Peer 1: 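The structure follows.
Here is how names work: the chains are called A, B, and so on, in the same order as the sequence lines, proteins then strands, and each is numbered from 1. None of these values were measured; they are calculated from a predicted model.
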2 protein chains.
Amino acid sequence: MDLSERSREILRAIIQSYISTAEPVGSRTVTKRYNLGISPATVRNIMSDLEDLGFLAQPHTSAGRVPTDKAYRFYIDTMLDVKSLPRQQEEEILNYPLRRGDFHQLMQETTKLLSALSHYTGIVMAPKPAETVYRHMEFVRLTGGRALAIFVSNAGIVHNRMIVFDEDLTQKELERISAFLNHEMAGKTLRDMRSRVFQLMEDDKNKYTRLLMKFMKLWQDASYEGEEAGEAELFVGGLSEMFNIPDFRDYEKMKELFIAFEEKHKLLKLLDLAMEAEGVQVYIGSENKYFEMQGISLVVASYRGEGNVVGTLGVIGPSRMPYNTVIPLVDCTARVLGRLISER
Amino acid sequence: MDLSERSREILRAIIQSYISTAEPVGSRTVTKRYNLGISPATVRNIMSDLEDLGFLAQPHTSAGRVPTDKAYRFYIDTMLDVKSLPRQQEEEILNYPLRRGDFHQLMQETTKLLSALSHYTGIVMAPKPAETVYRHMEFVRLTGGRALAIFVSNAGIVHNRMIVFDEDLTQKELERISAFLNHEMAGKTLRDMRSRVFQLMEDDKNKYTRLLMKFMKLWQDASYEGEEAGEAELFVGGLSEMFNIPDFRDYEKMKELFIAFEEKHKLLKLLDLAMEAEGVQVYIGSENKYFEMQGISLVVASYRGEGNVVGTLGVIGPSRMPYNTVIPLVDCTARVLGRLISER
DNA sequence: TATTAGCACTCTACGGGATTGAGTGCTAAA
DNA sequence: TTTAGCACTCAATCCCGTAGAGTGCTAATA
């Protein structure tokens with residue numbers, strides 16, 4: 001992968017040209033638009049080499065050349081100097097009129113922000129119930145042997161889940177359980193709580209045991225079902241932006257894309273994966289096995305809430321994306337969302 | 001609007017043919033496919049009359065004819081005998097594996113059910129917070145002078161809203177407010193509660209007054225903002241089905257459609273309107289001013305929860321829809337959802 | 001030896017007929 | 001009143017021919 005300086009320059013020129021025009025780039029174009037003091041014929045020779053190396057591809061014989069996924073990867077890793085977000089755009093993010101009546105709305109609005117500023121589609125993965133630290137929990141008795149478990153995080157995120165009993169519990173009993181759990185579980189995630197409760201039940205034959213046992217059994221069933229389903233919620237905004245991208249000006253392609261969008265669990269898998277890494281991640285085309293689509297890239301970053309990484313957000317667009325502006329945009333948005341969550 | 005029996009038959013034949021093939025219908029087709037004992041020439045004369053009356057239109061001179069919105073309206077109002085749902089499809093609805101971990105999920109899954117069985121796009125409008133009768137309410141204190149108001153309905157629907165105080169309230173004080181409201185407000189909607197509280201504050205100088213006053217003021221601001229934003233939540237499922245409909249096999253049309261889908265407040269207005277009426281409603285093409293799109297119809301029905309109408313759901317598809325199956329499908333789904341909510 | 005000019009070649013996109021086929025409207029006969 | 005017959009219309013399709021963009025190769029050049 002050791003290209004000569006000149007080859008790199010030409011590759012960069014081709015990528016940049018393609019990013020801005022969406023048209024295959026020919027040798028003449030390169031010499032005309034980027035003053036490299038080199039003739040088209042020379043460029044052609046080098047382009048041919050780059051094609052052999054897998055950086056470029058030709059849609060057909062008499063067309064110009066187009067960067068491959070490999071080229072984008074190389075470009076992002078070695079040739080891109082991501083400037084921090086220009087002051088003006090940072091202002092735009094901060095001034096974006098985010099409605100945040102409740103947490104759901106905040107998530108949804110953030111996708112719109114991402115979409116509006118990038119002109120692509122914005123996605124946000126909400127914090128996962130199982131990994132959230134709750135401040136408060138509460139059980140509300142409903143009719144028909146059912147109760148609702150409600151969990152509130154420090155950040156004001158509310159999760160709830162239905163629990164079905166086969167015997168009737170009074171609201172009083174439920175309140176005793178809540179009080180006990182609230183006291184015992186401060187600062188723990190749902191996942192931790194679950195194991196802690198089981199442990200308690202082993203150790204300590206306290207008076208809550210029978211109820212708790214029953215309760216936790218049911219709860220486990222309920223949350224297991226949730227985890228199967230992907231658990232974390234995915235928000236998508238600005239889908240229609242996809243129709244403005246010349247790369248996808250094709251009915252069949254678009255259909256494929258929208259079908260992929262409906263398989264949210266795959267996207268969630270990918271976003272989940274991105275939580276591991278620090279900073280902004282870029283997934284190009286078929287680099288990831290969960291949202292593998294020709295010509296499509298994701299730029300994602302994890303965001304924090306109360307210190308911990310709790311979710312991810314990002315942008316879906318063509319691989320032909322102006323990464324130098326999109327990357328800092330996603331980065332900045334992730335930080336802003338993190339701040340909004342933490343100060344709630 | 002008094003058509004002869006024969007004209008009606010021909011109109012019906014044309015509409016049915018167009019619904020099943022999506023191709024403009026010519027006079028020969030009518031005589032061939034529907035045995036009316038009449039020659040193409042005669043059919044042509046009648047078709048010409050129907051066109052003058054505004055029931056048919058020609059895409060171009062040498063094409064067959066296509067029903068207008070007026071024709072669909074006439075068809076639905078006077079010629080459609082909606083059979084109740086065939087046993088088999090009712091089974092399909094009842095057996096559909098609806099995940100319902102929480103209320104959100106139930107709503108989302110219902111859109112998928114509608115979409116899967118109709119092969120169009122399913123929509124569900126969730127119950128509006130302001131008009132829901134709550135069983136339980138709760139205020140949870142967060143950091144930074146904020147509190148979260150949580151409301152739980154009989155059906156297990158959870159709504160929440162952030163409230164920002166400029167002074168710090170203890171959790172104890174919040175609990176006293178909750179207890180008071182819970183006691184005072186049983187069986188009232190949020191909207192009713194609001195006015196009731198204001199009335200109480202006038203009448204009665206009880207010990208909660210100062211806090212309550214403060215609280216209600218803030219709360220009002222918060223909920224006002226919510227109403228502005230449309231308040232009710234809209235769920236959409238099966239968007240990609242739109243790509244399978246030959247009527248919309250056009251990039252620009254599709255773009256227009258998806259932009260319309262993103263303006264959820266307009267759709268919500270329409271669905272809100274449909275809550276007034278009993279039974280299944282059909283909105284054809286430009287009949288409604290909120291989701292006015294050439295060639296698109298909505299079939300919607302309101303659903304009940306605990307006796308009252310609380311929301312609406314339905315299907316969006318081409319005007320060229322097999323109404324005789326879609327209408328009972330929507331109807332049945334609305335009833336099933338109502339039952340699921342009420343028995344929660 | 002590396003670069004470049006020149007040229008033949010390839011392939012797509014576009015536009016202009018010509019053709020086909022579906023369907024109509026009109027007229028005259030039944 | 002209905003119908004057969006016929007001329008007419010129009011979109012869709014196919015079939016070129018041409019223009020244009022771009023390449024690869026070769027031979028000349030610095």
Peer 1: Can we say A:R73 and A:D77 salt-bridge, meaning some charged N sits less than 4.0 Å from an Asp/Glu carboxylate O?
Peer 2: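 Judged by the 4.0 Å cut-off on N to carboxylate O distance, A:R73 and A:D77 do form a salt bridge.
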Peer 1: Name each donor-acceptor pair under 3.5 Å that joins a side chain in residues 5-12 of chain A to protein atoms two or more places apart or in another chain, with its distance.
Peer 2:
{"from": "A:S7", "atom 1": "OG", "to": "A:S4", "atom 2": "OG", "distance (Å)": "2.9"}
{"from": "A:R12", "atom 1": "NH2", "to": "A:M79", "atom 2": "O", "distance (Å)": "2.7"}

Peer 1: Any residue in residues 245-252 of chain A with a heavy atom nearer than 4.0 angstrom to DNA chain C? Just list them by number, or reply none.
Peer 2: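 Output list: empty, so none.
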Peer 1: Determine, for A:R249 against B:E252, whether the closest basic-nitrogen to carboxylate-oxygen distance falls under 4.0 angstrom.
Peer 2: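 Answer for the salt bridge query: yes.
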Peer 1: Taking atom types as modelled and ignoring hydrogens, do the side chains of A:E241 and A:T121 form a donor-acceptor contact shorter than 3.5 angstrom?
Peer 2: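 No pair is found: no donor N or O on one side chain lies under 3.5 Å from an acceptor on the other.
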Peer 1: Short of 4.0 Å, heavy atom to strand atom, which residues of residues 19-30 of chain A count as contacting DNA chain C?
Peer 2: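 Residues of residues 19-30 of chain A that come under 4.0 Å of DNA chain C do not exist, since none gets that close.
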Peer 1: Can you establish whether the number of heavy atoms outside A:Q88 located under 6.0 Å from its atom CD is more than 12?
Peer 2: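 Count not over threshold, so no.
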Peer 1: Whole Å only: how far is the CD atom of A:Q58 from the P atom of C:dT12?
Peer 2: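 Rounded to the whole Å, the gap is 11 Å.
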Peer 1: Carefully, step by step, assess A:K289 and A:E292 under the rule salt bridge (charged side-chain N to carboxylate O under 4.0 Å, His left out).
Peer 2: CA-CA 5 Å; A:K289 43 185 185 318; A:E292 190 177 336; over 6 Å; no
Peer 1: If you compare every side-chain N and O of A:R65 against the phosphate oxygens of D:dG24 (OP1, OP2), does one of them come in below 4.0 Å?
Peer 2: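 Looking at the OP1 and OP2 atoms of D:dG24, one of them is under 4.0 Å from a side-chain N or O of A:R65.
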Peer 1: Distance only, no hydrogens: is a donor on one side chain within 3.5 Å (strictly under) of an acceptor on the other, for B:N288 and B:K269?
Peer 2: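 No.
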Peer 1: For the pair B:F243 and A:Y251, name the ring-plane relationship: parallel under 30°, tilted 30 to 60°, perpendicular over 60°.
Peer 2: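 If you compare the ring of B:F243 with that of A:Y251, the planes turn out perpendicular.
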Peer 1: Taking ring-ring contact (aromatic ring centres under 6.0 Å, His included) as the definition, give me every residue that meets it alongside B:F248, ordered by chain and number, with sequence neighbours left out.
Peer 2: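 By the ring-ring contact (aromatic ring centres under 6.0 Å, His included) rule, B:F248 matches no residue at all.
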Peer 1: For a 4.5 angstrom cut-off between non-hydrogen side-chain atoms, does A:E256 reach A:Q294?
Peer 2: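 No - every pair of side-chain heavy atoms lies 4.5 Å or more apart.
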Peer 1: Between residues 39-53 of chain B and DNA chain C, which residues have a heavy-atom gap below 4.0 Å?
Peer 2: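 Contacts with DNA chain C under 4.0 Å: B:R44, B:M47.
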Peer 1: Could you tell me if A:K70 sits above the aromatic ring of A:F55, with its cationic atom closer than 6.0 Å to the ring centre and no more than 45 degrees from the axis?
Peer 2: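 Cation-pi check for A:K70 and A:F55: passes.
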Peer 1: Name the pairs: protein N/O against N/O of nucleotides 8-17 of chain D, kept only if under 3.5 Å.
Peer 2:
{"from": "D:dC10", "atom 1": "O2", "to": "B:S62", "atom 2": "OG", "distance (Å)": "2.8"}

Peer 1: A:E23 and A:R320: salt bridge (charged side-chain N to carboxylate O under 4.0 Å, His left out), yes or no, with the steps?
Peer 2: CA-CA 11 Å; A:E23 296 291 332; A:R320 192 188 65 66; over 6 Å; no
Peer 1: Please determine, by modelled atom types, if B:Y323 and B:S297 share a side-chain donor-acceptor pair under 3.5 angstrom.
Peer 2: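 Yes - a donor-acceptor pair under 3.5 Å links their side chains.
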